[in-house]
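For ligands, and for the atoms within them, numbers begin at 1 and follow the listed sequence. All residue numbers in this chain count up from 1 along the given sequence.
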Amino acid sequence: MSQFRLTQISDTHLARRLPTLTENFHRVSAHIDATRPDLVINSGDLAFSVEGDDLAFARGLHAALPVPCRYLPGNHDIGDNPTTAGPTPAHQASEQDRQRYISTVGEDRWRFDEAGWCFIGLNSLVMNTGLASEAEQFDWLASELGRAGGKPVALFLHKPLYLDAPDDPELAASAIRYVPPAPRRRLLELLSTVDLRLVASGHVHQRRDFTYGRVRHVWAPAVSFLLPERMQPVIALKETGLVEYRFTPDSFEVRHVRAAGQVDIDLDSLLKR
Ligand SMILES: [Fe+2]
Ligand SMILES: [Fe+2]
């Protein structure tokens, strides 16, 4: 295949009790049905809550999409990673949560090759936990990158690597927003051995697209809802939507789009209903 059309969706936050979020997902599903990409990637936070059966509910809705899908875990799917500067997560990612994700959704990391590119998906929530699966994932990544064979690499993960630059300090107010500094350094060291071109993430519920060095960083907006300013400053664009990519050997295009009828729902108004 000399071109590969990929649609990234993120932060669907689905729950049976929150039908307005399901409506936004259905608008995005209709867009995917109309555009028929080769693959859909949900870059995490499929579920509204890590407790209960939201993840299974979310998986069921994705099963109805008319194209192949891959998934990555978010903090609302398997719990969060500990940070040094930030508060202790209310629900820290554990091996039990990871196994529940794998049995409900599928693999929490993957690699595939299309259109002359190497695509890698990582579980960013086990990073900094000290779990065995964190070390296993780094070993696995080193081995996969060793087999990239000079192809350009596109990395997908739930949390952005950083705000503006690799050595951004970890701040208490924003530590939960990015990959923690220690695993970030290790990740960047491993990725420095390959031709990394794209880092695509979700998690922040803001649409952003910037380039640092040779690497383009795309923050996919949430499918579901926006965070009010009392909870999160404006960094980029607060809107719901999705991202479309077209990869061809040695290059790629990014389109920032919204599905027809997709609504900007504010978390405060959602929880008031
Ligand atoms: Fe989210
Ligand atoms: Fe998240």
R255/D209 salt bridge by N-O under 4.0 Å criterion: no
N, O or S atom within D45 nearest to the Fe ion (ligand 2), by name: OD2
cation_pi(R184, Y162) dist<6.0 Å, angle<=45: no
Opening angle between NE2 in H205 and OD2 in D11, taken at the Fe ion (ligand 1), to 10 degrees: 90°
N/O/S from H76 sitting under 2.8 Å away from the Fe ion (ligand 1): no
H158 and D77 side chains, donor-acceptor separation under 3.5 Å: no
Aromatic centroids of H203 and Y178 separated by under 6.0 Å: no
Vertex the Fe ion (ligand 2), rays to NE2 in H158 and ND1 in H203 - rounded to 10°: 90°
Which atom of H13 approaches the Fe ion (ligand 1) most closely (N/O/S): NE2
Short N-O contact, K238 and D266, less than 4.0 angstrom: no
